[in-house]
Amino acid sequence: MSRYNFKTTEARWQRLWEERGSFVAREDPAQPKYYVLEMFPYPSGRIHMGHVRNYTLGDVVARFKRARGLNVLHPMGWDAFGLPAENAARDNRRHPAEWTRANIADMRAQLRTMGLSYDWSRELATCDPGYYKHEQKMFLDFLAKGLAYRRESWVNWDPVEDTVLANEQVVDGRGWRSGAPVERRLLKQWFLKITHYAEDLLATLAELDRWPDRVRLMQERWIGRSEGLRVWFAIAGRDPAAPDGRFEIFTTRPDTLYGAAFAAVAPNHPLALERAKADPALARFLETCQKTGTSEAALETAEKLGYDTGLKAEHPLDPSWQLPIYVANFVLMEYGSGAIFGCPAHDARDLEFARKYGLAVRVVVAPRGEEAGFTIGDEPFTDDGVMVNSDFLNGLDVAAAKRAIAERLEAMGVAQRTTVWRLRDWGVSRQRYWGCPIPIIRCAGCGDVPVPEDQLPVVLPEDVSFDKPGNALDHHPTWKHVACPHCGQPAERETDTFDTFFESSWYFARFCSPNARDIGFTRDAVDYWMPVDQYIGGIEHAVLHLLYSRFFTRALRDCGYLAIKEPFAGLMTQGMVCHETYRDAAGDWLFPEQVKKAENGRLVHVDTGAPVTIGRSEKMSKSRKNVVDPAAIIDGYGADTARLFMMSDSPPERDLDWTEAGVDGAWRYLNRLWRLATEPAVTLALDAPRPTALSARADQTLRLMHKTIAAVSDNLDKFRFNSAVARIRELSNAMADLSADGAGEAWVYGQALVALIKLINPMTPHIAEELWAELGRPGMVCDQPWPVADPALIIDETVTIAVQVNGKLRGTLELPRDVDNKTRHPRAAARRRQQGRRSRGARAARRDQGARGPARAQGRGRAEPDHQCGGIASSPGSCSAGEGRSPRGGAAWEG
RNA sequence: GCCCAGGUGGCGGAAUUGGUAGACGCGCUAGAUUCAGGUUCUAGUGGGCGAAAGCUCGUGGAAGUUCGAGUCUUCUCCUGGGCACCA
C-alpha cells in the first residue's frame, strides 16, 4: 500500500494546473459565463484563516460551476494602497512600495499552496501606475460630468502627526498613535456625488435577490430615505420676512403638530450661535454639547439635555400659540434642517425631554376606540390611530392627517414636502502618500485644472522621505511644482490622494481585461463578464465598499464605460473563523501551540506543565493569541485538509470554530478516501458494462450514489457546503460495506468511486486529481463534467410510511411506492387498529388528565376505535399516515 | 435605546413544503488488530425507567393553531451582531 503523500501530490498538481493553463479564462460568447470573485486582500504579508475560508468558498464555487459547463472567470489581485504601508515606512524605515511588493510576493506564494483555481494571468495590484492611471481618468470623467466636486468639510486633525485621522483612528478624542487631542479642522476636499444616485441605489436593492437580506437592510438604513415636511416657524417678536425672523424645521410627523410642546435647534444651529453671543450660560452649554459629541460611548448613554433660549416660536397654525425654543443636544445640524418641533406624546425622545423640563404632553393620536381619555404614561404612542385634539384633523388616521396638514401648510406658504436622505456625498481626499494621486493642478489664475489626459498617469514619486510628520507627498521637494496646463504659469499639483475605497470600487471590472493599456477595461470584456455572478467576502464591507462599488458602476455607466449598473448579482458574506482562547494562571493569553492535553485530560502549558484555563471561542485575533497560522496547517496536513475542514463544519454565513479535532477528522477522511480508491474491497473494473443482476446492497448503493449526486449538486447550488460534505461521507460509508461476493457490487463500487472523486473535487482538488490519475482515468478531474443523477434511481422502490395516532408514532410500514391510496390507507389503518388496541386504555387515562380541554379529548376518543384512515379532510380525529424519508417530499398527504 | 440574526445531544451541526428529531462529523465507551509513531476496524452513544422487548420525556421558556410543530402564531428569557438620539 502507498500512503497518501500530500506534500508531493499538492505541489505536483499545482504545477500542472499552472503549466496547462487549466484556469485561464477566455471570452467565448458562445458559452455562458460565470464570474466568481472573492474580495481581494490587503497585502499585509501573511494570509490568515479568514482568507483561507473566503478563498476556499470562492474556489469551491468556481470549480463546481466550471464542472457544470460554465465559462468561469476567477481572478485574484491586491488592494495594495493603504495606511499600514506608511506605518511600516515610519516604523521600519522601509519604503511603502518595496514593503508592499515584498508582501504581495509572500502572500501570493502562500495562496498558491492552497491550490486555488485562479487565472493568475489576470493578477493586478492597485498601486501599479498601470492600474491607477485609469481611475485618474475616471475621476476626470466624473468631474466633467458633475459627479465630482471640491468643497470644505470637517476632518479629524492630529496636530502632532500633522495628518487627518479616520474616525476609527480617534480614540477617546485622541489620535491613536500620537495620543494628542484631535482637532476639528475645515479642509477643502474632493467629493463624489453618490447622493445623485440615492434614489436608485435604494430602489434597486429590491432587485438584488441573491444578496443577504441583512446587507440590503443595512444599506437601506445607511441611505436612509425619509419623506416629510419642511415647516417655517416664525420667531415671536421678530419680522417673519427677515432672514433671522424665522427658522425651518423638518418633520416626518406633521400630523402631530397640534401636540407640539417645544421647538429645538442643534447646538451649532445659527440661531443657537447667535444667542450664545449674548448669553454666556448658553455658550457654556454649547461647549458641553461639543464635548459629549466626541466620545461614542458617552453619546450612547447621554441624557437629553436642553437649554431654553428664551425665544418663542409661533405655532404655524395658531400664531397666538407660542412654543419655547430650546437648544438640544440630540438635534443634529447635519440632518434635515438642524431644527425640530417636539411632540412628547408621540416620540420617545421628545417625551423624555418634556418630562425633564416640565413641558405639556398633549395627546393628538389615540388608539382606535380609545379616543376619549387616552393618556400617556412612560411610553409614547407611536402607532397608527385616530387624530384627536387637532382641529380640522380630528377623526382622520395618521396617513390622512399627514396629507391634510401638508396641503394646508403648503397652501399657507409656510411648508414644503421634501425627501431627506441620510446618505452623504463620498469624501475621497486623503492627506496621505501611499495612495493614488488626484490628477489636479492648482493654479492661482485658472483654479483647479484637470491634468490633461495625455499626461496620465500622475505617478507617485518613489523618492520620498518619512522623516517629517505629515503627508510625504506634500513634502517632496520638486514633485508638486509644475506649470499650469492652461496658462503655463507656475502651479502646484494636488498632493492629496484617493481614499483606498476608490481602487476597490472598480477592480472587478479591471479583471475583465487586466492588460488593457489605454483604457481601464474593454467594452467587449465587461459586456461579456460583468456583472460578478457571485461575490464573496466579509460582512464588514456590507455598507461602504459595496455601496461605493454600486455607485461607481452607475457613474461609469453614465460616463459611457459600461452598460450595467449593479456590479454584484450575487453576494455571500462569510462568518468569522473562531478559536478557543487559553490563559495561564497569571491571566496572560497563550497561543494554541503553547497548550497541550495532560494525561488527566486537562490542558497544561506545553513547557511548564502549569494548568491552563480555556476561554470561549472567539474571533481569531493576535491580541488574544487564539490564532492558527494557515501556513503551519498546510505544511502539516496539506491544503486539502484545511479546505475540507473549512467546508464541513459550519454553513458559510455562520461563524466557524477552528478545532484541532476537526482538522484531524478532515485529515482522516482524506486518508480513508485514499484507501477506498487504492485498496478497494473489490476488483475494480471501471469501464465494465453494467451487470444484469445486482444484489440488494448493490442496488441500494447505486441508488444512494445517484441520490448523493443529486443532493450534493443541490447543496452546492445553495452554498450548503457542510451538507454536501456530509452526503459525500455517507456515500463513502456505504461503499465500505460493499464486498466482492455480492452480484454487481464491484461494478457499483467502481461507479461510486468515480462519482465520489468528481463530487469532492471542488473541495479537495489535489487528492481528487491524484486519485483520478491513480485509477488511470483519462484527462484531469478539473476538466471533467459534473456527474448527473439518473432521475429513475433517486426515487425509492418502497416508501416508509409513518403511522401516527393522536400524533404519536405507532409504527412504520414499508410499502411499494406505486401502491395507490386505496391500498395504502386501509392497510395503515389495519396496522393502527392492532397497535392502538394494546395501549388505548392507558392513553385514554392520560388524555383525561391532559392539559387540553376535556371536550376535545372526548371528541378524539370517540372517533378513534373504528375510524377509517382517509386523509386530513375526512379524518380530523385520530389517524394519519405521513411519508418519511421520501426524497421526493410533497407526498405526505396524497388523496 | 432601536434594529437584525440565533438558541436542537458532551461539542460543531442536519432535518426542501408542518409528517419517524438528532443526518454527517468531533468527542466518549467497550472490544479487536497493529502495538512505535496525528493508525485502522467492529459495536454503542439525547435524558429517565427497564434484564430486554419496550415505555416515556425531549429542539431556551410559556401559551396557542393542527390529526401531527424544531418548523406556523403570540408572549417571554438568553446569546451574538449592527446602529443613526435621523426628527
Side-chain angles (χ1 to χ4, degrees), chain A residues 212-214 217-218 221-222 224 226 228 249-253 256 264 296 299-304 328-332 334-343 347-350 352-353 420-422 539-540 542-543 575-576 617 636-637 645 648-651 653-657 659-669 671-672 675 714 718 720 722-730 732-733 736 800-812 839 842 846 851-852 860 863-864 867 869 871-872 875-893:
Chain A
D213 287 342
R214 61 174 178 150
L217 189 69
M218 283 163 82
R221 290 190 186 175
W222 187 266
S226 55
I249 63 97
F250 175 72
T251 179
T252 56
R253 291 297 303 273
T256 63
E296 285 291 320
L299 213 142
E300 286 287 308
T301 47
E303 61 172 329
K304 316 276 172 283
N329 64 346
F330 62 90
V331 181
L332 306 176
E334 299 77 40
Y335 187 79
S337 51
I340 61 161
F341 80 84
C343 175
D347 181 277
R349 274 173 329 216
D350 295 349
E352 187 186 333
F353 193 80
V420 164
W421 302 87
R422 191 186 98 86
I539 187 74
E540 65 272 22
V543 176
M576 299 180 295
S617 186
Y637 290 88
F645 176 64
S648 38
D649 254 30
S650 288
E653 66 281 2
R654 226 179 292 183
D655 287 352
L656 172 89
D657 259 322
T659 63
E660 330 303 318
V663 178
D664 280 339
W667 160 257
R668 278 200 299 267
Y669 178 72
N671 283 287
R672 183 170 149 84
R675 287 193 306 273
D714 187 52
K718 293 172 177 157
R720 295 196 299 220
N722 55 329
S723 292
V725 172
R727 295 286 83 79
I728 287 171
R729 298 181 91 127
E730 231 172 354
S732 322
N733 291 347
T800 309
I801 309 283
V803 181
Q804 286 185 19
V805 178
N806 285 346
K808 304 285 179 207
L809 183 72
R810 291 296 169 222
T812 59
S839 52
R846 261 197 317 282
R852 293 181 185 178
R860 282 209 231 147
E864 189 182 79
H867 173 71
C869 228
I872 191 164
S875 68
S878 58
C879 174
S880 72
E883 232 171 350
R885 299 214 172 153
S886 163
R888 283 204 315 162
W893 282 108

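Since we're looking at a predicted model, the values are computed, not measured. Letters A, B, ... are given to chains in the order of the sequence lines, protein chains preceding strands, and every chain is numbered from 1.
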Checklist outcome for this item: Each nucleotide of nucleotides 23-30 of chain B classed B (base within 4.0 Å of a protein heavy atom), S (only sugar-phosphate) or -, in 5' to 3' order, makes BSSSS---
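- With P as the reference atom, B:rG13 and B:rG81 are 15 Å apart, rounded to whole Å.
- For the C1' atoms, the distance linking B:rG44 with B:rG10 amounts to 16 Å, nearest Å.
- Applying the salt bridge (charged side-chain N to carboxylate O under 4.0 Å, His left out) test to A:D655 and every residue at least two apart in sequence or in another chain returns nothing.
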Checklist outcome for this item: Encoded 5' to 3' (Watson-Crick or G-U under 3.5 Å; [ ] crossing; | other strand), RNA chain B becomes (((((((..(((......[....)))((((((.......))))))((((....))))..(((((..]....))))))))))))....
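- Counting any heavy atom pair closer than 4.0 Å across all strands shown, A:V331 reaches a base atom.
- Nearest-nucleotide positions on RNA chain B place A:R720 closer to the 5' end than the other of A:R720 and A:W421.
- Atom name C1', nucleotides B:rA53 and B:rU59: the rounded distance is 28 Å, in whole Å.
- With its glycosidic angle more than 90° from 0, B:rG22 adopts the anti conformation.
- Between the side chains of A:Y669 and A:S648, no donor-acceptor pair is found at a separation under 3.5 Å.
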Any protein N or O atoms within reach of nucleotides 32-36 of chain B? Criterion: under 3.5 Å, listing atom names and distances.
none

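- Residue contacts for A:Y637: at a heavy-atom cut-off of 4.0 Å it reaches a base atom on one of the strands shown.
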Using a cut-off of under 3.5 Å, enumerate the N/O to N/O pairs linking the protein to nucleotides 3-6 of chain B.
residue: B:rC3; atom: O2'; partner: A:R221; partner atom: NH1; Å: 2.9
residue: B:rC3; atom: O2'; partner: A:R221; partner atom: NH2; Å: 2.0

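- Applying the salt bridge (charged side-chain N to carboxylate O under 4.0 Å, His left out) criterion to A:E653, with sequence neighbours excluded, gives no partner residue.
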